[in-house]
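Values reported hereafter were calculated over all heavy atoms of this structure, with side chains retained and with hydrogens, waters and symmetry mates removed. As the structure is a computational prediction, the values presented were derived from the model and not from experiment.
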Amino acid sequence: MEIDMSTTKALTRQRNFECLIPFISALLIVLFFSYIDEGNYDFRWVMDPGSCIAFGIYMAIFFAIKSLIYNFALSSLKGISKIIIMFGVVTPGVVALILSLVF
């Protein structure tokens with residue numbers, strides 16, 4: 001029995017792309033909150049090791065949340081509609097939820 005390697009490579013590329021969407025979405029949210037966090041509206045926080053550790057923790061949390069939403073709640077959607085819902089509805093919804101919990 002011979003395995004078709006082109007199919008395997010295509011599936012691997014698709015799976016890597018599937019992980020990239022929640023990562024980019026989480027990255028945009030965490031960068032936005034890191035930008036406005038200290039009230040300086042800049043990225044000087046990158047020079048502080050403590051802020052970088054907090055960034056990593058927040059990134060891990062948001063990536064986990066976005067991955068769960070993307071892979072389970074949006075599993076029935078396919079293609080570009082899944083990406084549009086992720087960035088157009090889920091991302092603003094998560095930002096609104098976090099802001100409502102903070103303020």
Side-chain angles (χ1 to χ4, degrees):
M1 187 167 160
E2 189 174 314
I3 298 174
D4 184 13
M5 292 306 289
S6 63
T7 304
T8 305
K9 288 179 184 178
L11 291 174
T12 302
R13 266 188 261 122
Q14 168 126 12
R15 187 65 194 148
N16 289 341
F17 178 73
E18 291 285 324
C19 291
L20 195 59
I21 300 299
F23 179 80
I24 291 172
S25 180
L27 181 66
L28 291 174
I29 291 173
V30 176
L31 281 174
F32 171 72
F33 283 126
S34 297
Y35 179 77
I36 66 171
D37 183 39
E38 298 296 325
N40 297 326
Y41 299 100
D42 60 16
F43 288 104
R44 283 185 277 175
W45 59 268
V46 177
M47 303 305 278
D48 180 30
S51 295
C52 290
I53 291 170
F55 177 83
I57 292 169
Y58 287 131
M59 188 63 198
I61 291 168
F62 277 98
F63 178 65
I65 291 169
K66 300 293 254 173
S67 292
L68 288 173
I69 292 171
Y70 189 77
N71 291 321
F72 295 109
L74 300 178
S75 63
S76 63
L77 298 174
K78 299 289 181 211
I80 194 75
S81 62
K82 191 173 186 179
I83 296 169
I84 290 171
I85 296 293
M86 185 69 168
F87 282 102
V89 176
V90 175
T91 298
V94 170
V95 170
L97 177 67
I98 296 301
L99 288 176
S100 69
L101 293 174
V102 171
F103 296 110

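- Residues passing the side chain to side chain contact (heavy atoms under 4.5 Å, CB included) test with I84, sequence neighbours excluded: I80.
- In this structure V89 satisfies the side chain to side chain contact (heavy atoms under 4.5 Å, CB included) test together with I85, sequence neighbours excluded.
- A search for side chain to side chain contact (heavy atoms under 4.5 Å, CB included) contacts involving L68 returns F72, not counting sequence neighbours.
- In the hydrophobic cluster analysis, where Ile, Leu, Val, Met, Phe, Trp and Tyr join through side-chain heavy atoms closer than 4.5 angstrom, V95 is grouped apart from L97.
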Give the C-alpha distance, both sets of side-chain angles, the deciding distance and a yes or no for side chain to side chain contact (heavy atoms under 4.5 Å, CB included) between I83 and Y70.
CA-CA 9 Å; I83 296 169; Y70 189 77; 4.2 Å; yes
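- Linking ILVMFWY side-chain heavy atoms closer than 4.5 Å, directly or via other members, places L77 and L20 in a single hydrophobic cluster.
- A search for side chain to side chain contact (heavy atoms under 4.5 Å, CB included) contacts involving F23 returns L27, M59, F63, not counting sequence neighbours.
- Listed by first and then second residue, the salt bridge (charged side-chain N to carboxylate O under 4.0 Å, His left out) pairs involving residues 83-101 amount to none (not counting sequence neighbours).
- When all heavy atoms of M47 and P49 are compared, the closest pair comes out as O-CD, 3.5 Å.
- I53 CD1 to I57 CD1: the interatomic distance, rounded to the nearest 0.5 Å, is 7.0 Å.
- Among residues two or more places apart in sequence or in another chain, the ring-ring contact (aromatic ring centres under 6.0 Å, His included) test is passed with F55 by W45.
- L74 contributes atom CG, which lies 11.5 Å from atom CD1 of I21 (distance to the nearest 0.5 angstrom).
- Residue pairs meeting the side chain to side chain donor-acceptor pair (under 3.5 Å) criterion with at least one member in residues 55-64, sequence neighbours excluded, do not occur.
- I29 and I61 fall within a single hydrophobic cluster, where Ile, Leu, Val, Met, Phe, Trp and Tyr side chains are chained together by heavy-atom contacts under 4.5 Å.
- Within the structure, the side chain to side chain donor-acceptor pair (under 3.5 Å) test picks out the following pairs touching residues 80-103 (sequence neighbours left out): S25-T91, K66-T91.
- Applying the salt bridge (charged side-chain N to carboxylate O under 4.0 Å, His left out) test to pairs two or more places apart or on separate chains, none has a residue in residues 88-103.
- For residues 44-65, the set of pairs meeting the salt bridge (charged side-chain N to carboxylate O under 4.0 Å, His left out) definition, not counting sequence neighbours, comprises D42-R44.
- Residue pairs that meet the salt bridge (charged side-chain N to carboxylate O under 4.0 Å, His left out) test with at least one member in residues 83-93, sequence neighbours left out, do not exist here.
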